[in-house]
**Q** 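For reference, the structure I am asking about is given below.
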2 protein chains.
Amino acid sequence: MANKHVKEMEALREHLGKHQLKLTRQRELILSAFLRQEHITAEAMYHQLAKSDPHLGLATIYRTLNLFCDAGLAQARHFGSQTKYDNVSHKGHHDHLICTGCEKIVEFENEEIERLQEEVATQNGFTIKTHRLELYGLCSRCRH
Amino acid sequence: MANKHVKEMEALREHLGKHQLKLTRQRELILSAFLRQEHITAEAMYHQLAKSDPHLGLATIYRTLNLFCDAGLAQARHFGSQTKYDNVSHKGHHDHLICTGCEKIVEFENEEIERLQEEVATQNGFTIKTHRLELYGLCSRCRH
DNA sequence: ATCATTTTGAGAGAGTTTATCAATTTCAAT
DNA sequence: ATTGAAATTGATAAACTCTCTCAAAATGAT
């Protein structure tokens with residue numbers, strides 16, 4: 001299980017080293033669990049990990065997920081009242097199709113859209129660092 | 001000032017009428033203030049209106065802005081921990097360029113991007129209801 | 001003007017995320 | 001392997017944003 005995520009583990013180590021931070025049991029555990037998901041909230045991860053490690057604090061989950069964001073492994077997305085953390089380590093940037101019926105999330109990438117975004121930004125004198133694109137609607141199953 | 005926003009006022013009246021809701025002094029006041037802004041949080045509007053009407057409650061601002069959303073005059077957008085309400089009454093749908101340096105927000109529309117979004121949705125069996133596209137970066141002034 | 005219904009204001013309450021801090025763990029230097 | 005300075009953790013309090021509650025006030029159809 002651990003050897004599955006060597007690359008991400010290495011990326012975390014590198015970030016820690018650069019910022020005089022330490023590698024802890026909790027950080028390894030949370031990274032491993034995080035990489036098994038596509039999108040997860042801190043709360044959900046807390047409950048999930050409580051089974052194997054009942055004393056892992058919620059604050060630690062939040063701190064660690066934010067650390068992953070700093071390290072470029074995760075990306076936070078705010079949905080209404082909750083924040084979901086996306087795994088962006090192993091794949092490139094991606095956008096989301098979200099079904100408002102069943103909450104299903106489909107990821108997609110579209111080169112052409114990305115290119116047009118750059119174009120719009122340039123026209124307005126902006127240099128884009130990141131972006132978010134979310135399409136909300138009904139999936140084929142929920143349309144009925 | 002009031003006669004500037006006759007159309008929106010009429011739209012609100014129509015919504016109220018259809019849902020057996022009442023037109024109050026507060027709703028008029030908040031609508032008038034809301035239409036003078038592009039993007040505003042409930043909290044900011046609360047402080048802004050406190051000067052002229054110290055007893056206007058925060059809950060009323062929230063209730064009223066949500067009412068405007070129902071009426072199609074406003075649209076809520078979640079940014080990190082805060083919710084901004086956009087004025088969408090007088091213009092069509094638009095997306096945002098956001099400067100992470102000075103918080104400036106530039107609106108834009110791009111037909112081609114919208115078309116490609118539809119295409120992606122169709123490919124995945126989705127029917128889009130709404131979307132949000134936000135580009136984050138630095139404006140020309142903040143790049144230095 | 002009357003009165004059923006809706007709305008308001010003020011504060012309590014709910015939900016999510018961050019701050020605090022003593023105790024513990026990490027890791028570089030012995 | 002041991003030490004010790006520095007970082008981290010867990011538990012809880014606190015902060016923050018937004019909604020709920022409910023008595024008092026306002027609205028608008030009659």
Side-chain angles (χ1 to χ4, degrees), chain A residues 9 12-34 39-71 74-86, chain B residues 9 12-34 39-71 74-86:
Chain A
M9 192 63 204
L12 176 60
R13 268 207 169 79
E14 192 180 320
H15 178 83
L16 295 175
K18 274 185 188 157
H19 298 79
Q20 46 198 123
L21 303 174
K22 294 172 177 177
L23 181 61
T24 63
R25 185 179 62 78
Q26 290 88 341
R27 284 176 178 167
E28 282 190 286
L29 179 67
I30 295 172
L31 178 60
S32 167
F34 173 67
H39 315 278
I40 194 162
T41 63
E43 189 73 26
M45 181 163 277
Y46 177 62
H47 286 114
Q48 185 177 304
L49 292 178
K51 295 164 194 163
S52 51
D53 197 335
H55 290 294
L56 218 173
L58 180 57
T60 300
I61 309 268
Y62 274 107
R63 281 187 290 232
T64 306
L65 288 174
N66 287 332
L67 169 70
F68 293 170
C69 289
D70 293 342
Q75 196 169 297
R77 256 173 336 103
H78 304 279
F79 268 119
S81 63
Q82 53 183 194
T83 300
K84 291 195 173 179
Y85 293 83
D86 291 359
Chain B
M9 192 63 203
L12 176 60
R13 269 208 167 78
E14 192 179 319
H15 178 84
L16 296 174
K18 274 184 189 159
H19 299 79
Q20 45 198 123
L21 303 174
K22 293 173 177 177
L23 180 61
T24 64
R25 183 179 63 77
Q26 289 87 342
R27 284 174 178 168
E28 282 190 285
L29 179 68
I30 295 171
L31 178 59
S32 167
F34 173 67
H39 315 278
I40 194 162
T41 62
E43 190 73 28
M45 181 166 275
Y46 178 63
H47 286 115
Q48 186 177 305
L49 292 179
K51 294 165 195 163
S52 52
D53 198 335
H55 290 295
L56 217 173
L58 180 57
T60 300
I61 309 267
Y62 274 106
R63 282 187 291 233
T64 305
L65 288 173
N66 287 332
L67 170 70
F68 292 169
C69 289
D70 293 342
Q75 196 169 298
R77 256 171 337 106
H78 304 279
F79 268 118
S81 63
Q82 54 184 195
T83 301
K84 290 195 174 179
Y85 292 84
D86 291 359

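Below, chains carry the letters A, B, ... as their sequence lines are ordered, and counting in each starts from 1. The analysis underlying the following values was restricted to heavy atoms, covering all of them including side chains, and did not include hydrogens, waters or symmetry mates. Predicted, not measured: the structure shown is a model, and the values here were computed from it.
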**Q** When the distance from CG of B/Leu67 to P of D/dC18 is rounded to whole Å, what number comes out?
**A**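 Going from B/Leu67 (CG) to D/dC18 (P), I get 17 Å.
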
**Q** Measure the spacing between CZ of B/Phe68 and CZ of B/Phe34 and express it to the nearest 0.5 Å.
**A**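 Interatomic distance, B/Phe68 CZ to B/Phe34 CZ, rounded to 0.5 Å: 7.5 Å.
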
**Q** Could you tell me whether the phosphate oxygens of D/dT19, OP1 or OP2, come under 4.0 Å of any side-chain nitrogen or oxygen in B/Asn66?
**A**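 Yes, such a contact exists.
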
**Q** Among residues 43-56 of chain A, which ones have heavy-atom contacts with DNA chain D below 4.0 Å?
**A** A/His55, A/Leu56

**Q** Quick one: is D/dA26 close enough that its OP1 or OP2 comes under 4.0 Å of any side-chain N or O from B/Arg25?
**A** no

**Q** Please round to the nearest 0.5 Å and tell me the distance separating atom CD1 of A/Ile30 and atom OG1 of A/Thr64.
**A** 3.5 Å

**Q** Once you round it to whole Å, what is the distance between P of D/dA7 and NE2 of A/His15?
**A** 14 Å

**Q** Among D/dT8, C/dT7, C/dG9, which nucleotide sits nearest the side chain of A/Leu21?
**A**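 Nearest listed nucleotide: D/dT8.
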
**Q** Once you build an axis from the first five pairs and another from the last five of the helix from C/dA1-D/dT30 to C/dT30-D/dA1, how far apart in angle are they, to 10 degrees?
**A**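 End-to-end axis angle for the helix from C/dA1-D/dT30 to C/dT30-D/dA1: 30°, rounded to 10°.
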
**Q** How many whole angstroms separate atom CD of B/Gln82 from atom C1' of C/dT17?
**A**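 It works out to 14 Å between those atoms.
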
**Q** By nearest nucleotide on DNA chain D, pick out whichever of A/Leu16 and B/Tyr85 is the more 5' one.
**A** A/Leu16

**Q** Taking the minimum atom-to-atom distance to the side chain of B/Tyr62, which one of C/dT26, C/dT18, D/dC18 wins?
**A**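 Taking heavy atoms from C-beta onward, the closest nucleotide is D/dC18.
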
**Q** Between atom CG in B/Leu58 and atom P in D/dT17, what is the gap in whole Å?
**A**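 It is 10 Å, rounded to the nearest whole Å.
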
**Q** Rounded to the nearest 0.5 Å, what separation is found between the CZ atom of B/Arg27 and the CG atom of B/Leu16?
**A**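 Spacing of CZ (B/Arg27) from CG (B/Leu16) equals 6.0 Å.
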
**Q** Once you round it to whole Å, what is the distance between P of D/dT8 and NE2 of A/His19?
**A**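 About 12 Å, once rounded to whole Å.
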
**Q** Which listed nucleotide (C/dT17, D/dG28, D/dC18) is nearest to the side chain of B/Leu23?
**A** D/dG28

**Q** D/dT17, OP1 or OP2 - any side-chain N/O from B/Thr41 closer than 4.0 Å?
**A** no

**Q** Heavy atoms from C-beta onward define the side chain here; which of D/dA7, C/dA10, C/dT6 lies closest to that of B/Gln20?
**A**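 So the nucleotide nearest the side chain must be C/dT6.
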
**Q** Assign each of B/Thr24 and B/Arg63 to its nearest nucleotide of DNA chain D by heavy atoms, then name whichever residue's nucleotide is nearer the 5' end.
**A** B/Arg63

**Q** I need the NE2-P distance between B/His78 and D/dC18, as an integer number of Å.
**A**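 Value for this atom pair: 8 Å.
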
**Q** Measure from CD1 on A/Ile30 to C1' on D/dT9 and round the result to the nearest Å.
**A**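 Those two atoms, CD1 and C1', are 10 Å apart.
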
**Q** Do the side chains of B/Arg63 and B/Thr60 get nearer than 4.5 Å, heavy atoms only?
**A** yes

**Q** If you measure from CD1 on B/Ile61 to CD on B/Glu43, what distance do you get to the nearest 0.5 Å?
**A**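 Reported to 0.5 Å precision, the distance equals 9.5 Å.
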
**Q** Below the 4.0 Å mark, does D/dC16 have OP1 or OP2 next to a side-chain nitrogen or oxygen of B/Ser81?
**A**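 The answer is no; no side-chain N or O of B/Ser81 sits under 4.0 Å from OP1 or OP2.
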
**Q** Can you tell me how far CD1 of A/Ile40 sits from NE2 of A/His47, rounded to the nearest 0.5 angstrom?
**A**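 If I round to the nearest 0.5 Å, the distance is 11.5 Å.
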
**Q** Is the closest side-chain heavy-atom distance between B/His19 and B/Asp70 below 4.5 Å?
**A**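 B/His19 vs B/Asp70: side chains apart.
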
**Q** Minimum heavy-atom separation for B/Ala74 and B/Leu65, please, with both atom names.
**A** CB-O, 4.4 Å

**Q** Taking everything shown except A/Glu14 itself, do over 12 heavy atoms lie less than 6.0 Å from its CD?
**A** no

**Q** Compare all side-chain heavy atoms of A/Met45 with those of A/Leu56 and state whether any distance is below 4.5 angstrom.
**A**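 The answer is no, as the side chains (C-beta and beyond) never meet within the 4.5 Å cut-off.
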
**Q** Among the candidates D/dG28, C/dT8, C/dT26, find the nucleotide nearest to the side-chain atoms of B/Lys22.
**A** D/dG28

**Q** Any idea which of D/dT8, C/dG11, C/dT8 is nearest the B/Gln26 side chain?
**A** C/dT8

**Q** Please report, rounded to the nearest Å, how far the C1' atom of D/dT9 is from the CD atom of A/Glu28.
**A**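 Nearest whole value for this atom pair: 15 Å.
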
